[in-house]
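First comes the structure, then the notes that go with it.
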Amino acid sequence: MTLGEALRASAEYLERKGVDSPRLDAELLFAHALDLSRIELYTHHDRPLNEREATAARALVERRGRREPLAYVLGEWGFRHLTLRTDARALVPRPETEIVVERALARIAGAESPRVIDVGTGTGAIALAIAQERPDARVVATDLSPDALALARENAERLALAVELVHADLLEGMDGRFDIVVSNPPYVHGGEELPAELAFEPRGALYDEGQTGRLVDDARRLLDGWLVLEVHAHGADDVAALARDRGYRDVSVTLDLAGRPRVVEARWSP
Ligand SMILES: C[S@@+](CC[C@H](N)C(=O)[O-])C[C@H]1O[C@@H](n2cnc3c(N)ncnc32)[C@H](O)[C@@H]1O
């Protein structure tokens with residue numbers, strides 16, 4: 001079987017399994033298994049696959065066919081300017097979270113050596129992206145999940161980025177003043193229809209257990225600056241109203257690329 005034939009058969013298999021972007025996923029999986037770029041997949045289209053290559057690619061395609069997230073199968077995922085290690089210990093960083101980072105960076109643009117805390121850091125995505133894009137920032141990141149913290153630590157070490165990682169329930173035990181509290185807390189509600197891939201991600205990273213409301217309350221103790229929160233598209237108005245009710249000022253909501261309200265920002269001065 002040639003590489004081109006194997007790719008086509010794999011894309012058809014993934015389509016039958018309900019994968020959203022079967023051709024793209026097949027290409028990325030083959031490129032990973034064969035250590036080729038996607039362009040090279042095309043230039044090598046007619047070359048036969050040897051047994052070792054076919055076995056390696058098939059194993060990855062089968063995992064994806066079981067609807068394991070592409071990022072877990074590949075073991076790494078791009079987030080802003082970083083490539084993060086990704087596995088089942090933490091949520092796969094999403095494109096909308098890149099907008100959260102963009103908003104957080106905008107809020108600290110004028111601050112010198114800003115103090116930043118990322119609550120519920122998962123892979124470390126938000127904290128590490130801010131540390132990379134604002135090298136003068138002093139970044140702390142918390143998570144309740146020891147597994148997520150271990151993965152975030154691996155990412156920080158591989159990327160040689162300085163982030164202080166703390167095992168904590170939201171902001172419990174934290175003190176000092178921060179220019180920004182940023183978070184993508186869990187915000188899925190039971191009863192929502194979810195893509196099959198989410199069954200592979202940690203439940204504690206997905207399901208809302210009141211973390212957003214607690215953060216709006218608790219962040220006031222530490223903030224002299226901005227709270228920047230990723231929210232469920234259906235919850236943005238409620239979170240913005242809660243922030244106003246708790247005395248925050250300059251509350252605003254930013255839309256994601258699909259036009260859904262996904263980021264709430266609010267200012268707190270002690
Ligand atoms: C939606 S994921 C976000 C992960 C990462 N920030 C990202 O955007 O890709 C939420 C994260 O919050 C963590 N988490 C959930 N409840 C928490 C709590 N009470 N305190 C600290 N972290 C919590 C989860 O373990 C998970 O890593």
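For ligands, and for the atoms within them, numbers begin at 1 and follow the listed sequence.
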**Q.** Intermediate values then yes/no, salt bridge (charged side-chain N to carboxylate O under 4.0 Å, His left out), Glu27 and Arg23
**A.** CA-CA 6 Å; Glu27 288 181 8; Arg23 177 73 199 189; 2.9 Å; yes
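Both Leu170 and Val231 are members of a single hydrophobic cluster when ILVMFWY side chains are connected at heavy-atom separations under 4.5 Å. Leu49 and Leu14 fall within the same hydrophobic cluster, where Ile, Leu, Val, Met, Phe, Trp and Tyr residues are linked whenever their side-chain heavy atoms come under 4.5 Å apart, directly or through other members. Residue Met1 is not grouped with residue Tyr13 when hydrophobic side chains (ILVMFWY) are merged at heavy-atom distances under 4.5 angstrom, including chains of intermediate members.
Heavy-atom contacts from other residues, nucleotides or ligands closer than 6.0 Å to CD of Glu53 number more than 12. In the displayed structure, His234 atom NE2 is contacted under 6.0 Å by at most 12 heavy atoms of other residues, nucleotides or ligands. Annotation: Asp136, atom CG; neighbour count of heavy atoms from other residues, nucleotides and ligands within 6.0 Å is above 12.
Against a heavy-atom cut-off of under 4.0 Å, Pro93 is close to the following atoms of ligand 1: 9 (O). Under a 4.0 Å criterion applied to the non-hydrogen atoms of Ala168, ligand 1 contributes the atoms 20 (N), 21 (C). Here is the list of ligand 1 atoms found below 4.0 Å of a heavy atom in Ser145: 25 (O). The ligand atoms of ligand 1 that sit less than 4.0 angstrom from a heavy atom of Asp169 are 18 (C), 19 (N), 20 (N). For ligand 1 and Gln211, the ligand atoms under 4.0 Å from any heavy atom of the residue are 15 (C), 16 (N).
For atom 1 (C) of ligand 1, the closest non-hydrogen atom on the protein side is Ala205 O, 2.9 Å. The closest protein non-hydrogen atom to atom 13 (C) of ligand 1 is Asp143 OD1, 3.3 Å. Distance from atom 20 (N) of ligand 1 to its nearest protein heavy atom, with residue and atom name: Leu170 N, 2.7 Å. Scanning the protein for heavy atoms near atom 7 (C) of ligand 1, the closest one is Asn184 ND2, 3.7 Å.
Distances from atom 6 (N) of ligand 1 to the heavy atoms of Gly204, Gly122, Gly120, Ala152 put Gly120 nearest.
Ring orientation note: the planes of Tyr187 and His232 are nearly perpendicular, at an angle over 60° on the 30°/60° scale.
Heavy atoms of Thr121 found under 4.0 angstrom from ligand 1 belong exclusively to the backbone. The proximity of Glu230 to ligand 1, defined as any non-hydrogen pair under 4.0 Å, does not occur for either the backbone or the side chain.
Looking at ligand 1, you'll find an N or O of Leu144 within less than 3.5 Å of one of its N or O atoms. Residue Arg94 has no nitrogen or oxygen atom sitting less than 3.5 Å from a nitrogen or oxygen atom of ligand 1, judged on distance alone. For ligand 1, none of its N or O atoms has an N or O atom of Thr123 under 3.5 Å away. Here's the thing with Asp118: none of its N/O atoms is less than 3.5 angstrom from an N/O atom of ligand 1.
Counted by atom type alone, Glu192 and Tyr207 present zero donor-acceptor pairs between their side chains at under 3.5 Å. Using modelled atom types, one finds a donor on one side chain and an acceptor on the other under 3.5 Å when comparing Ser269 with Arg249.
None of Ile126, Thr142, Leu165 except one satisfies the side-chain contact (heavy atoms from CB on, under 4.5 Å) rule with Thr121; the exception is Leu165.
Residue Val119 places every heavy atom at 4.0 Å or more from ligand 1.
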